[in-house]
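Here is the structure we will look at.
Proteins come first, then strands; the chains are lettered A, B, ... in the order of their sequence lines, and each starts at number 1. Only a predicted model underlies this, so the values are computations on that prediction, with no experimental measurement involved.
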Amino acid sequence: MEKILMNKVVTRFAPSPTGTLHIGGVRTALFNYVYAKQNNGLFLIRIEDTDKERSKKEFEKNILDSLSSIGLSPDEKPINQSERNNIYVKAAQKIYESGNAYWCDCSKETLDKMRKDQEAAGKKPMYDGRSRNLGLKQSENTVLRLATPEDGEIIVKDIIRGEVVFQNSELDDLILLRSDGSPTYHLCNVVDDYEQKVTTVIRGEDHLSNTPRQIHIQNALGYPSLEYAHLPLVLGPDKKRLSKRHAATSLEEYQSDGYLDSAILNTLARLGWSKGDQEVFYIKDLIKNFNINDVQKAGAVFDVSKLDWLNTQHLANLTLDELKNKLRPYLENFNINLEDHFDEDLLISSMRSSSNTLSGIASDLKPYYLDEIEYDDKAISKFVDDVGINILSDLKEILSNIFDWNEKNLDIALKNYQSEHELPIPKVNQPIRIALTGSTRSPSLGLTLVLFGKDKSLDRISKLLIKN
RNA sequence: GUCCCGUUCGUCUAGAGGCCUAGGACACCGGGUUUUCAUCCCGGCAACAGGGGUUCGACUCCCCUACGGGAUGCCA
């Protein structure tokens, strides 16, 4: 224990590249990152690609790119377990030589049958150690198993959960080396945590029951013990771990949907953790205020509406320039160049609260840039009737005679027309709004007209007039 | 089945025996501001899983039950 206190804190995020970076993984990485940073420690990444079947380079790339895109870059170059085979094999040998492992030649069929029998007998299915004292030598179809102590218990000291006790009798002799000689997850994981000088393991709760097994491997290898924090899982609305069935799970989907990285991180951090009544946190706030001891024990349901709200908060905190820069890629999706508007600053500042995502704002910006207008049928049928058409042609005339095209003049003209004809304001304004933007949603009308400019405004009114 | 973890408003959470007629936020529902939408402001709805203990007193401590999750792989 003293040893841990003396060492520099080192945390790691150890994903296996079998899919794109999952939002739950981002949260795990975030907590690891923040914990390391607030202790002046190191945050590392390790790619656990020992499953040759399912590991894909493209996923590894996605995970690494996603992490750095959201600001959770590691302090050292990530390592790949697939490239460190000899280290694990050496460790396995050491365990074997110390008498804490043995070769086992049980076939898959034998094992299946054993498990089935145990289940039928109402017992926990686990390897019964039948090869343990056979003194088998390594051969083509042998695996190396850890000789787990049969009695006693292992106490996992978990920062979040306290002491969790496991009886050794509940644990079976796990496989260290497969029959093809390749190392398994538990071995690699333990060896690498040691090799990378990891001090603190922060990972999902699904690993809690793996921990005593890994501690046995550590003990067999003579490694020092680690600090653990098992995070509650991120759940879907049905309380099962969040999966594609529930919602988007990969980070890149949220990013392309127009959520700010800082808002995503904020949402994830608040899932299972809180600090007073504060809701909005940036990474620097987390480094200052986060306390891993305060993390909740129960799983937390991921709620997109909270993300939406937090995103509006983070969006509102952006400076105009920041917002413009963040908007650009989303605008490009519509082939829009932000600078093509004659007063993009006024435009963006008028439209910045139109939607709670970047992609939503970009989409709302389309009428201001593109010639094609998408008319909202409902709005058309509600406001563009005979009366609406008359109003439009009247206003077209009136507006064309306004030469100093500014918000104040336009508002006055609109107001005069409306009071002269004793019309309710929306009756007058909505048809114009629809003519300009295709819908009834826009900033105040005088401003909207300014944003479109005189020519375009009149054009669009004509266009709607012709259409009807 | 067995082992492990968990259980406060629909959701995220505050609550470390009296501060709780249980607080905040999101969502939702009303109302207001706004020429529309959004923003913003105000208000409302809504929870301690159940049962036993311990205690003068339990959301808080202990036990049981129920429910949920995780683990039980030559996956990680």
Side-chain angles (χ1 to χ4, degrees), chain A residues 14-18 48-51 53-55 81 104 106 108 111 115 118-127 141-145 156 158 160-161 164-167 169-172 174-180 182 184-186 188-189 204-213 230 232-233 235 237-241 267 270-280 296-310 312 316 351-356 360 364 379 383 411 414-415 418 424-430 432-434 437 439-446 448:
Chain A
S16 52
T18 54
E48 305 214 322
D49 51 357
T50 50
D51 184 338
E53 298 285 305
R54 297 196 302 148
S55 297
Q81 290 190 328
C104 162
C106 291
K108 196 138 195 140
L111 260 20
R115 272 191 275 264
Q118 286 165 331
E119 247 168 283
K123 282 196 257 175
K124 181 174 184 165
M126 52 192 262
Y127 180 68
N141 44 23
T142 53
V143 298
L144 186 69
R145 286 182 184 272
V156 178
D158 190 278
I160 296 167
R161 280 151 224 282
V164 184
V165 183
F166 293 87
Q167 296 305 317
S169 55
E170 294 291 334
L171 272 23
D172 61 2
L174 73 261
I175 293 173
L176 262 15
L177 255 29
R178 301 188 183 96
S179 46
D180 66 359
S182 66
T184 58
Y185 160 71
H186 291 293
C188 301
N189 192 276
E205 190 192 357
D206 46 339
H207 287 290
L208 182 56
S209 35
N210 288 154
T211 309
R213 300 165 173 280
H230 286 95
L233 264 23
L235 276 19
D238 62 356
K239 304 273 183 186
K240 295 205 191 312
R241 52 195 306 175
T267 306
R270 277 290 283 101
L271 223 52
W273 175 81
S274 67
K275 169 89 178 175
D277 288 344
Q278 191 175 345
E279 294 288 345
V280 178
Q296 201 80 12
K297 294 185 183 75
V301 176
F302 181 73
D303 182 11
V304 181
S305 65
K306 187 85 172 218
L307 207 210
D308 281 327
W309 179 77
L310 246 9
T312 70
M351 293 291 292
R352 60 182 301 164
S353 66
S354 78
S355 170
N356 52 27
D364 289 338
F383 292 104
D411 276 338
L414 256 10
K415 191 97 187 142
Q418 173 244 325
I425 292 165
K427 270 271 182 221
V428 179
N429 286 8
Q430 298 298 52
I432 305 180
R433 233 189 277 276
I434 293 164
T437 68
S439 80
T440 55
R441 305 177 49 217
S442 91
S444 68
L445 193 54
T448 306

With the side chain defined as heavy atoms from C-beta on, A/Ser305 is closest, among B/A27, B/C12, B/A71, to B/A27
With the side chain defined as heavy atoms from C-beta on, A/Leu271 is closest, among B/C12, B/G6, B/U36, to B/C12
Per atom distances to the A/Lys239 side chain, the nearest of B/C26, B/C5, B/C12 is B/C12
When rounded to whole Å, the NZ to C1' distance for the pair A/Lys297 and B/G70 reads 17 Å
By nearest-heavy-atom nucleotide on RNA chain B, the more 5' of A/Val143 and A/Phe166 is A/Phe166
Of the candidates B/C12, B/A71, B/C5, the side chain of A/Ala300 sits closest to B/C12
Out of B/U7, B/A76, B/C12, minimum distance to the side chain of A/Glu48 belongs to B/A76
Heavy-atom closest pair (A/Gln278 atom, A/Arg270 atom, distance to 0.1 Å) is O-NE, 3.8 Å
With the side chain defined as heavy atoms from C-beta on, A/Arg270 is closest, among B/C74, B/G1, B/U13, to B/U13
Counting C-beta onward and ignoring hydrogens, is there a side-chain heavy-atom pair between A/Ile160 and A/Lys297 closer than 4.5 Å? yes
Answer for the Watson-Crick or wobble partner of B/G43, both distances under 3.5 Å, is B/C29
Rounded to whole Å, the CZ-C1' distance (A/Phe383 to B/U36) equals 7 Å
| said: Is there a side-chain contact between A/Leu111 and A/Tyr127 in this structure, where contact means two heavy atoms from C-beta onward sitting under 4.5 Å apart? | reply: yes
Closest to the side chain of A/Asp303, out of B/C5, B/G23, B/C26, is B/C26
Taking a pair to mean Watson-Crick or G-U wobble geometry with both distances below 3.5 Å, B/U55 pairs with none
Scanning both residues in full, the closest heavy-atom pair of A/Asp158 with A/Leu208 reads OD2-CD1, 4.4 Å
Next on the checklist: Strictly below 4.0 Å, N to O, side chains only: are A/Asp364 and A/Arg352 in salt-bridge contact?
Outcome noted: no
For B/U2, the nucleotide meeting Watson-Crick or G-U wobble distances (both under 3.5 Å) is B/A71
With the side chain defined as heavy atoms from C-beta on, A/Thr50 is closest, among B/G6, B/U2, B/A76, to B/A76
Requested in this report: For nucleotides B/A58 and B/C42, find the distance between their P atoms and express it as a whole number of Å.
Outcome: 37 Å
When rounded to whole Å, the CZ to P distance for the pair A/Arg145 and B/G73 reads 10 Å
Under 4.0 Å between a side-chain N or O of A/Arg352 and OP1 or OP2 of B/C40?
no
To the nearest angstrom, the CG-C1' distance between A/Leu235 and B/C5 comes to 13 Å
Separation of B/C12 atom C1' from A/Leu233 atom CG, nearest Å, is 16 Å
Side-chain atoms of A/Ser444 come closest, of B/A27, B/U36, B/A76, to B/U36
task: Evaluate the side chain to side chain donor-acceptor pair (under 3.5 Å) criterion for residues A/Arg115 and A/Gln118: first the C-alpha distance (whole Å), next the side-chain angles of each, then the deciding distance (0.1 Å), finally the verdict.
output: CA-CA 5 Å; A/Arg115 272 191 275 264; A/Gln118 286 165 331; over 6 Å; no
On RNA chain B, more 5' by nearest nucleotide between A/Leu208 and A/Leu111 is A/Leu208
Looking only at B/U11, B/A76, B/C3, the nucleotide nearest the A/His207 side chain is B/A76
Using atom C1' of each nucleotide, how far apart are B/A49 and B/C59 to the nearest Å? 12 Å
Counting only distance, no hydrogens or angles, is the base of B/A38 paired donor-acceptor with the side chain of A/Ser354 under 3.5 Å?
no
Distance below 4.0 Å between A/Ser209 side-chain N/O and B/G70 OP1 or OP2: no
>> Taking the C1' atom in each of B/C61 and B/G69, what is the distance between them to the nearest angstrom?
In response: 25 Å
Does A/Arg115 put a side-chain nitrogen or oxygen below 4.0 Å from OP1 or OP2 of B/G73? yes
Whole-Å distance, A/Leu174 CG to B/A76 P, equals 11 Å
Quick check on B/A14: is either OP1 or OP2 less than 4.0 Å from any side-chain nitrogen or oxygen of A/Gln296? yes
Applying the 3.5 Å cut-off to both distances, the Watson-Crick or G-U partner of B/U36 turns out to be none
Atom CG of A/Asp308 and atom C1' of B/C12 are separated, to the nearest Å, by 14 Å
* To do: Using a heavy-atom cut-off of under 4.0 Å over every strand shown, decide if A/Arg161 touches base, sugar-phosphate, or nothing.
  => sugar-phosphate
Quick one: do A/Thr267 and A/Phe302 satisfy side-chain contact (heavy atoms from CB on, under 4.5 Å)? Show the steps, please.
CA-CA 9 Å; A/Thr267 306; A/Phe302 181 73; 4.1 Å; yes
Using the C1' atoms only, state how far B/G10 lies from B/U34, rounded to an integer number of Å. 31 Å
